[in-house]
Student: 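One structure follows; several queries about it will come next.
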Amino acid sequence: MIALVDCNNFYVSCERVFDPRLEGRPVGVLSNNDGCIVARSNELKSLGVEMGAAMHLLPPHIRRQAVLLSSNYALYGDMSRRVTLSLGEFSPHVEVYSIDESFVGFQGFDPATLEARGQRLRETVKQWTGIPVSVGLAPTRVLAKVANRAAKKIPAYEGVCLLDADGVATRSLLRELPVTELWGVARRTGERLALMGIETAWQLREADPKRIRRAFSVVPERIVWELRGHPAVTLGDMAAPKQQIMVSRSFGRLTGDPADLHEAVRQHAARAGEKLRRQGSVTSAVMVFVHTNPFQPSQPQYRNSVVVPLARPCDDTRDIAHAAARGLEAIFLEGYRYQKAGVMLLDLTADGHRQLSLDETPQTEAERIRRQRLMGTIDKLNRELGRDKVRLGVPRQDNAWRLRCERRTPRYTTRWSELVRVKS
DNA sequence: TCTGGGGTCCTAGGACCC
DNA sequence: TCTGGGGTCCTAGGACCC
C-alpha cells in the first residue's frame with residue numbers, strides 16, 4: 001500500500017501558521033507579480049474563485065472580503081521541508097512529489113493498522129509543523145490520489161481514506177468521479193475519451209487497456225491498470241538531477257528597453273547557474289527566449305528563442321551569462337514591448353563526466369580549480385548572507401523587470417530580520 | 001495597469017546507417 | 001512496370017503535473 005499525503009491548501013496553510021487571524025477567512029495566495037490566484041482557502045473556494053483566476057478580473061466584492069497575499073516561496077519551501085522531515089518518522093520510503101505532496105510507501109505494514117497510522121501521521125504533522133494534511137491510502141498511486149481527494153472532500157473520512165483495489169467504497173467513488181479528475185487525465189484526453197463513451201473513472205477502469213493504448217499511448221493505458229489496482233506508475237527518482245533547468249519571470253511592467261532585458265537575462269542566468277551547481281551538473285547549451293504579452297493581441301506580437309552552444313560544458317555563471325547575452329542580442333528586436341524573458345540550461349551532465357571535444361584546448365587544471373573556487377565562494381556567501389548579496393553586475397533601481405509582490409508576508413522561518421519586526 | 005513558473009514523459013517523424 | 005528493410009538517434013511538439 002502507498003499513501004499520498006497532500007497538504008491542504010498548502011500556501012494558505014503556511015500563512016495561517018504564522019498569522020492565525022487568517023483562520024476562517026477567505027484567503028488567496030497570488031502568483032509571481034501578483035498576477036493570478038495560485039492557492040485558495042476553502043472559504044475563498046466557496047466564494048467561487050477559481051484556481052488561476054486573474055487577480056485584476058476578480059469582482060470587487062471578492063477583493064473586499066478576501067485577504068490576498070503575494071507568494072512567499074522562501075517560507076513555503078522551508079515549511080515543505082519540515083513536513084517532509086515529519087513524514088520520515090512514519091516510513092523509510094518518502095517520495096517528495098511536489099512542494100505540497102509526498103508519496104509514503106507502506107509496503108509490508110499490516111493493512112489493518114494503516115488507517116490508524118494515517119490518523120497518527122496527520123496529527124503528528126499538524127502538531128510539529130502546524131500544517132493540516134490529508135492522507136489517501138491505496139494499492140496504487142492513481143488510486144491513492146482518488147483516496148486523497150475523498151479524504152479531503154468527504155468529512156466522514158476525517159482526513160484519511162483507505163481504498164482497496166475492488167471494494168465497495170472504491171467502486172462507488174470511481175462511478176461518481178469524472179474521468180478528467182483523475183491524475184494524468186486532463187482536458188484533451190478527456191474530450192477524446194468522451195467520444196469513446198468514457199466519462200467516469202469507473203468506465204475507464206472497465207475499458208480495454210489495449211484499445212486505450214492504441215487510441216492514446218502507454219500513459220492512459222497505465223492509468224487503466226492502476227485503477228484496477230495493478231501498479232503501473234512508478235515515479236522517476238525525484239532526487240535525480242534535473243535534465244534541464246529553467247529560470248524565467250514575467251516583468252513587473254512591459255518594457256522595450258534592451259538594458260532591462262539584458263539585466264533580466266543576466267539575473268536569470270545567474271540563478272540558473274546556482275541551480276546547476278547545486279545539483280552538481282554542467283551544461284553545454286544555453287537557451288534564451290523573450291516574448292511580448294500574448295494577452296494583448298492588439299499590440300504587436302513577437303516571440304523568439306535561440307540555443308547558444310557552449311564551447312565546453314561548464315557551470316560558471318560568467319560563461320552562462322555571456323552565452324545568454326549573445327543569445328539575447330541575436331533575437332532582440334527594437335519596437336516591441338516585452339513581457340517576459342527566460343534562460344534555460346540544456347544538455348546537462350554530471351560534473352566530472354565532461355568530455356573534451358577534439359578541437360578544444362584543454363583547460364588547465366589550475367584554471368578549472370580557480371573557477372570552481374570562485375563559484376563555490378559566491379554560492380556560499382549567498383547561502384549564508386542571503387540571496388544576491390554577491391552577484392555579477394548590479395541592476396539599476398526601478399528596473400522594469402523587477403517583480404511586483406506588494407503583499408508578501410515576512411519570511412518567518414528563514415530571515416531573522418523579518419521575524420523580529422517592530423511595528424511603529 | 002493588470003493573466004505564474006518550472007518540470008517530466010511520450011510519440012512522431014526526419015536523418016542517417018548498413 | 002518498377003524503386004528494400006530495418007535499425008538508431010535526435011528533435012520538436014503535445015500533454016500533463018503542481
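In the text below, chain A, chain B and the rest are named by the order of the sequence lines, each starting its count at 1.
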Student: Regarding A:Asp257 and A:Thr255, is there a side-chain donor-to-acceptor distance under 3.5 Å anywhere?
Tutor: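 The answer is no; no qualifying pair exists.
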Student: Both distances below 3.5 Å, Watson-Crick or wobble geometry, any strand: find the nucleotide opposite B:dC10.
Tutor: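 Partner of B:dC10: C:dG13.
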Student: When the distance from CZ of A:Phe295 to C1' of B:dT3 is rounded to whole Å, what number comes out?
Tutor: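 Value for this atom pair: 4 Å.
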Student: In whole Å, what is the span from the CD atom of A:Glu221 to the C1' atom of B:dT11?
Tutor: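 In whole Å, B:dT11 C1' lies 15 Å from A:Glu221 CD.
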Student: Which nucleotide, B:dG4, B:dT3, B:dG7, lies nearest any side-chain atom of A:Ala54?
Tutor: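 Nearest nucleotide to the side chain: B:dT3.
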Student: With a 4.0 Å limit, can you tell me whether A:Ser250 has a side-chain N or O closer than that to the phosphate oxygens OP1/OP2 of B:dG5?
Tutor: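 The answer is yes; a side-chain N or O of A:Ser250 sits under 4.0 Å from OP1 or OP2.
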Student: Report yes if at least one side-chain N or O of A:Lys145 is closer than 4.0 Å to OP1 or OP2 of C:dC17; otherwise report no.
Tutor: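 Answer is no, no contact under 4.0 Å.
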Student: Distance alone, cut at 3.5 Å: any donor-acceptor contact between the side chains of A:Asn9 and A:Lys45?
Tutor: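 Yes, side-chain donor-acceptor contact under 3.5 Å.
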Student: Would you indicate, yes or no, if B:dT1 has its OP1 or OP2 atom less than 4.0 angstrom from a side-chain nitrogen or oxygen of A:Gln296?
Tutor: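 For B:dT1, neither OP1 nor OP2 has a side-chain N or O of A:Gln296 closer than 4.0 Å.
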Student: Give the nucleotide from the list B:dT3, B:dC10, B:dT8 with an atom nearest to the side chain of A:Lys242.
Tutor: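 Among B:dT3, B:dC10, B:dT8, the one nearest the side chain of A:Lys242 is B:dT8.
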Student: Between C:dC16, B:dC10, B:dT8, which one does the side chain of A:Arg188 approach most closely?
Tutor: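 It is C:dC16.
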Student: Taking atom P of B:dC9 as reference, at what distance in whole Å does atom CG of A:Leu235 sit?
Tutor: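 A:Leu235 atom CG is separated from B:dC9 atom P by 9 Å.
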Student: On DNA chain B, does the nearest nucleotide to A:Val219 precede the nearest nucleotide to A:Leu254 from the 5' side, or the other way round? Give the residue.
Tutor: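 Comparing both residues, the 5'-ward one is A:Leu254.
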Student: Round to the nearest Å and state the distance from A:Arg278 atom CZ to B:dG7 atom P.
Tutor: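 Rounded to whole Å, this separation is 10 Å.
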Student: Just how far, in rounded Å, is C1' of C:dC17 from CG of A:Leu4?
Tutor: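 A:Leu4 atom CG is separated from C:dC17 atom C1' by 13 Å.
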Student: From C-beta outward on A:Trp183, which listed nucleotide comes closest to its side chain: B:dG4, C:dC17, B:dC2?
Tutor: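 Taking heavy atoms from C-beta onward, the closest nucleotide is C:dC17.
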Student: Counting the atoms with a prime plus P, OP1 and OP2 as sugar-phosphate, which does A:Arg253 contact under 4.0 Å by heavy atoms, base, sugar-phosphate, or nothing?
Tutor: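 No contact.
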Student: Among the nucleotides B:dG6, B:dG4, B:dC9, which one has an atom lying closest to any side-chain atom of A:Cys36?
Tutor: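 Between B:dG6, B:dG4, B:dC9, the one nearest the side chain of A:Cys36 would be B:dG4.
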Student: Tell me what A:Thr189 touches on the nucleic acid: a base, only sugar-phosphate, or nothing, going by heavy atoms under 4.0 Å.
Tutor: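 The residue A:Thr189 makes sugar-phosphate contact but no base contact.
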Student: Under 4.0 Å: is that the gap between some side-chain N or O of A:Ser31 and OP1 or OP2 of B:dT3?
Tutor: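 Checking B:dT3 against A:Ser31, no side-chain N or O comes under 4.0 Å of OP1 or OP2.
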Student: Within the 4.0 Å heavy-atom criterion, would you say A:Glu191 contacts the bases, only the backbone, or no part of the nucleic acid?
Tutor: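 Nothing, no heavy atom under 4.0 Å.
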Student: Give A:Leu30 one of three labels, base, sugar-phosphate or nothing, depending on what nucleic acid heavy atoms sit under 4.0 Å from its own.
Tutor: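 Here A:Leu30 touches no strand at all.
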Student: Can you tell me how far C1' in B:dC16 sits from the matching atom in C:dG4, rounded to whole Å?
Tutor: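 Between the two C1' atoms, the distance is 16 Å.
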Student: Could you check whether A:Arg192 gets within reach of a base, just the sugar-phosphate, or nothing at all, counting any heavy atom under 4.0 Å?
Tutor: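 Result for A:Arg192 = nothing.
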Student: Applying the side-chain hydrogen bond (donor to acceptor under 3.5 Å, both in side chains) criterion to A:Thr292, which one of A:Lys340, A:Gln301, A:Arg303 satisfies it?
Tutor: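 Checked A:Lys340, A:Gln301, A:Arg303 against A:Thr292; only one passes side-chain hydrogen bond (donor to acceptor under 3.5 Å, both in side chains): A:Gln301.
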Student: Output the rounded distance in Å from CG (A:Asp6) to P (C:dC17).
Tutor: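 So the two atoms are 14 Å apart, to the nearest Å.
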Student: Do the side-chain N and O atoms of A:Asn8 and A:Ser134 include a donor-acceptor pair separated by under 3.5 angstrom?
Tutor: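 Side chains of A:Asn8 and A:Ser134: pair found under 3.5 Å.
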Student: Taking atom types as modelled, find out whether A:Asn72 and A:Thr409 have a side-chain donor-acceptor pair closer than 3.5 angstrom.
Tutor: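 Present: a donor and an acceptor within the cut-off.
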Student: Can you figure out which of C:dC17, B:dG4, B:dT8 approaches the side chain of A:Tyr97 most closely?
Tutor: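 Out of C:dC17, B:dG4, B:dT8, the nucleotide with an atom closest to A:Tyr97's side chain is C:dC17.
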Student: If the cut-off is 4.0 Å, is A:Arg187 near the phosphate of C:dC16, judged by side-chain N/O to OP1 or OP2?
Tutor: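 Answer no for this pair, as no side-chain N or O of A:Arg187 is under 4.0 Å from OP1 or OP2.
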Student: Could you check which of B:dG7, B:dC2, B:dG4 has an atom nearest any side-chain atom of A:Lys275?
Tutor: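 Nearest to the side-chain atoms of A:Lys275, counting from C-beta on, is B:dG7.
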Student: Look at all strands and tell whether A:Glu101 reaches a base, only sugar-phosphate, or nothing, counting heavy atoms closer than 4.0 Å.
Tutor: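 It contacts sugar-phosphate atoms only.
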Student: Hey, does A:Asn32 reach any base, or is it just sugar-phosphate, or nothing, if we go heavy atoms under 4.0 Å?
Tutor: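 Sugar-phosphate only.
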Student: Is A:Leu58 touching bases, backbone alone, or none of the nucleic acid, heavy atoms closer than 4.0 Å?
Tutor: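 The answer is nothing, as A:Leu58 stays clear of every strand by at least 4.0 Å.
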Student: Which of these, A:Ile198, A:Ile223, A:Thr189, sits in a side chain to side chain contact (heavy atoms under 4.5 Å, CB included) with A:Ile212?
Tutor: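 Among A:Ile198, A:Ile223, A:Thr189, the one meeting side chain to side chain contact (heavy atoms under 4.5 Å, CB included) with A:Ile212 is A:Ile198.
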Student: Do A:Thr317 and A:Arg277 have side-chain atoms, one donor and one acceptor, less than 3.5 Å apart?
Tutor: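 A pair is found: one side chain offers a donor N or O, the other an acceptor, under 3.5 Å apart.
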Student: Look at all strands and tell whether A:Asp100 reaches a base, only sugar-phosphate, or nothing, counting heavy atoms closer than 4.0 Å.
Tutor: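 The answer is sugar-phosphate, as A:Asp100 gets under 4.0 Å only of primed atoms, P, OP1 or OP2.
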Student: Say whether A:Asp34 and A:Ser70, considering side chains only, have a donor N or O and an acceptor N or O under 3.5 Å apart.
Tutor: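 Distance-only check passes for A:Asp34 and A:Ser70.
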Student: Find the distance A:Arg222:CZ to B:dT11:C1' and express it as a whole number of Å.
Tutor: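 Checked: the CZ to C1' distance equals 13 Å.
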Student: Consider the side chain of A:Met246, meaning its heavy atoms from C-beta on, and name the nucleotide among B:dG7, B:dC10, C:dC18 that approaches it most closely.
Tutor: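 Out of B:dG7, B:dC10, C:dC18, the nucleotide with an atom closest to A:Met246's side chain is B:dG7.
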Student: Is A:Gln339 close enough to B:dC2 that one of its side-chain N or O atoms is under 4.0 Å from OP1 or OP2 there?
Tutor: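 Answer no for this pair, as no side-chain N or O of A:Gln339 is under 4.0 Å from OP1 or OP2.
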Student: If you only use heavy atoms from C-beta on, which nucleotide in B:dC10, C:dC18, C:dC17 is closest to the side chain of A:Ala186?
Tutor: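 Closest of the options to the side chain of A:Ala186: C:dC17.
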Student: Nearest whole angstrom, please: distance from the P of B:dG5 to the CD1 of A:Ile37.
Tutor: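 Rounded to whole Å, this separation is 16 Å.
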